[in-house]
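Lettering of chains follows the sequences in order, A, B, ..., and the numbering in each one begins at 1. Just so you know, these numbers come straight off a predicted model, no measurement behind them.
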Number of protein chains: 2
Amino acid sequence: MAKPARKTGGTANASEDTSQPKTARGEATRKAILTAAERVIGARGFNDASIGHITSEAGVAQGTFYIYFKSKDEVFHELVLEMGRLVRRELSQATRDIPNRLDAEKAGLTAFLEFVRAHPDLYRIVQEALFVDQDAYNAYYQAFSEGYRKGLEAAVEAGHIRPGDADTRAWALMGISRSLGERLVIWGDTTPIDEIVATVHDMIANGLKP
Amino acid sequence: MAKPARKTGGTANASEDTSQPKTARGEATRKAILTAAERVIGARGFNDASIGHITSEAGVAQGTFYIYFKSKDEVFHELVLEMGRLVRRELSQATRDIPNRLDAEKAGLTAFLEFVRAHPDLYRIVQEALFVDQDAYNAYYQAFSEGYRKGLEAAVEAGHIRPGDADTRAWALMGISRSLGERLVIWGDTTPIDEIVATVHDMIANGLKP
DNA sequence: CTGAAATATGAATAGTGATTCATGTCTCAT
DNA sequence: ATGAGACATGAATCACTATTCATATTTCAG
């Protein structure tokens with residue numbers, strides 16, 4: 001079948017029923033396939049990345065793929081979830097112990113950009129999720145915007161920042177991160193991350209007014 | 001052929017050699033196909049939008065498509081270019097006659113968000129171009145970031161805004177626009193555009209400091 | 001050791017959809 | 001009016017690839 005049933009568009013959430021490996025060998029193979037999928041899909045995009053490409057990159061036969069994943073869509077889904085988990089962990093570590101919101105903003109941006117530079121394939125995959133697996137895409141950004149909004153609301157309460165609609169601000173700040181991440185990954189920008197962050201943080205903290 | 005030769009990845013720029021219509025009838029048909037493609041591709045994504053879907057939406061036979069476009073990739077390419085032209089025109093009109101950069105920023109953001117809300121399909125298409133037609137994607141954002149950067153550099157010269165790396169700022173500001181546009185189009189946000197702009201402009205102009 | 005479960009293989013199946021083409025029908029300059 | 005393009009049609013082609021399956025091979029608990 002060249003085009004399997006589409007994912008349900010709504011909020012339905014397929015169970016995580018991929019048969020989990022029961023053996024060390026299986027574990028290793030599954031991870032190899034996942035890593036290969038990350039590289040191949042990240043580089044060629046979802047549609048040009050065939051199962052054959054992925055399994056060949058992983059060094060296994062084509063059929064092996066279906067021992068660990070129910071479909072091509074499923075690996076993709078899992079890669080998006082993985083990116084979400086990794087980024088969230090990275091950010092919460094980076095901003096843990098930073099009580100002031102503006103400082104946390106700075107540290108978070110730095111961590112995000114560093115992560116993105118280290119994982120360009122995952123970055124692209126998340127962006128492509130909008131067209132391949134919108135549920136995963138939504139979940140990814142919903143989690144972020146929600147967390148962001150709460151953080152900003154708390155910061156306003158605490159008097160760390162001036163008042164203003166937290167949701168809109170959250171999206172604006174996410175947009176800054178994404179855009180600068182894209183400049184690194186897609187455009188090969190080589191500006192040192194510290195410099196980028198300094199410029200942006202100055203703008204976020206002080207605005208553009210002379 | 002299910003999968004035609006890929007676009008050259010580099011900077012190569014295919015000539016605009018689609019046979020232009022020579023008749024009023026042809027002109028109308030071509031436009032009908034282009035409009036249908038915008039709707040169908042915008043709604044279903046490039047890969048799920050078949051030529052059959054597009055021609056059926058346009059009310060013509062499948063073969064007619066190839067009288068006006070060399071390939072599916074080509075319509076897509078043209079749609080991305082169209083979006084670029086339209087947005088640039090919109091923005092330059094909206095900011096013409098606004099001498100102060102910060103005011104122009106505000107007017108530009110408003111115009112952009114209004115445009116995006118009015119053309120959700122084109123918005124999605126530009127985003128998908130990253131995975132379908134990277135050359136077009138690059139051209140689109142290069143044009144924007146360049147213009148933005150120059151504007152910011154001039155504004156710093158003129159003392160309208162505080163000093164800071166113009167390129168990084170340009171990407172950050174573009175990111176804000178994109179992100180808020182996405183919230184409208186993808187997430188169905190219904191916040192009045194004026195309110196969004198007020199919040200964001202306050203942040204851009206004054207920053208977040210208390 | 002041993003056999004049942006787990007893992008691996010790669011050829012075969014089959015859905016799909018972009019593109020072509022042989023065959024009409026319309027348009028408009030002369 | 002009229003014929004040479006221009007335009008339109010839609011069935012047929014055919015390359016592509018996701019998924020399945022019958023058949024090994026490997027692992028490991030007992």
Contacts table for residues 192-199 of chain B: side-chain donor-acceptor under 3.5 angstrom, sequence neighbours left out:
unit_1	atom_1	unit_2	atom_2	d
B:Thr199	OG1	B:Glu195	O	3.2

Nearest-Å distance for atom pair [atom1]/[atom2], residues [X] and [N]:
X       : N      : atom1 : atom2 : result
B:Phe69 : C:dT20 : CZ    : P     : 15 Å
A:Lys72 : D:dT20 : NZ    : P     : 15 Å
A:His53 : D:dC16 : NE2   : C1'   : 11 Å
B:Asp48 : C:dT16 : CG    : C1'   : 12 Å
A:Asn47 : C:dG15 : CG    : C1'   : 15 Å

Nearest atoms (heavy-atom pairs only) where B:Asp189 meets B:Arg117:
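B:Asp189 and B:Arg117 have their closest heavy atoms at O-NH2, 3.1 Å.
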
Nearest non-hydrogen partners of A:Pro21 and A:Glu27, listed with the distance
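The pair with the smallest heavy-atom distance is CB-N, 3.4 Å.
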
Rounding to 10 degrees, work out the angle separating the end axes of the helix from C:dC1-D:dG30 to C:dT30-D:dA1 (five pairs an end).
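Comparing the first five pairs with the last five, the axes sit 10° apart.
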
Pairs of donor and acceptor atoms involving the side chains of residues 81-98 of chain B, under 3.5 Å and at least two apart or interchain, shall be tabulated with distances.
unit_1	atom_1	unit_2	atom_2	d
B:Ser92	OG	B:Arg88	O	3.4
B:Ser92	OG	B:Arg89	O	3.2
B:Thr95	OG1	B:Leu91	O	2.8

Shorter than 3.5 Å, N or O on both sides, protein versus nucleotides 5-9 of chain D: list them out with atom names.
unit_1	atom_1	unit_2	atom_2	d
D:dA6	O3'	B:Thr23	OG1	3.3
D:dC7	OP1	B:Lys22	N	2.8
D:dC7	OP1	B:Thr23	N	3.0
D:dC7	OP1	B:Thr23	OG1	3.2
D:dA8	OP1	B:Thr29	OG1	2.6
D:dA8	OP2	B:Tyr68	OH	2.5
D:dT9	OP2	B:Ala61	N	2.8
D:dT9	OP2	B:Thr64	OG1	3.0

Please, which pairs that meet ring pair (Phe, Tyr, Trp, His ring centres under 6.0 Å) have at least one residue in residues 172-201 of chain A, sequence neighbours excluded?
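Every pair satisfying ring pair (Phe, Tyr, Trp, His ring centres under 6.0 Å) with a residue in residues 172-201 of chain A: A:Trp187-B:Trp171.
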
For the ring pair B:Phe46 and B:Phe76, is the centre-to-centre distance below 6.0 Å?
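Ring centroids of B:Phe46 and B:Phe76 are less than 6.0 Å from each other.
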
Between A:Asp73 and A:Ser71, do the side chains contain an N or O donor and an N or O acceptor separated by less than 3.5 Å?
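Absent: no donor and acceptor within the cut-off.
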
side-chain N/O A:Tyr66 vs D:dT19 OP1/OP2, d < 4.0 Å
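Result: yes.
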
Qualifying residues under side-chain hydrogen bond (donor to acceptor under 3.5 Å, both in side chains), relative to A:Glu105, sequence neighbours excluded
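Testing A:Glu105 for side-chain hydrogen bond (donor to acceptor under 3.5 Å, both in side chains), a comparison that skips the adjacent residues, returns A:Arg101, A:Tyr148.
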
Check every strand shown and say whether B:Ala28 touches a base, only sugar-phosphate, or nothing at a heavy-atom separation below 4.0 Å.
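Contact class for B:Ala28: none.
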
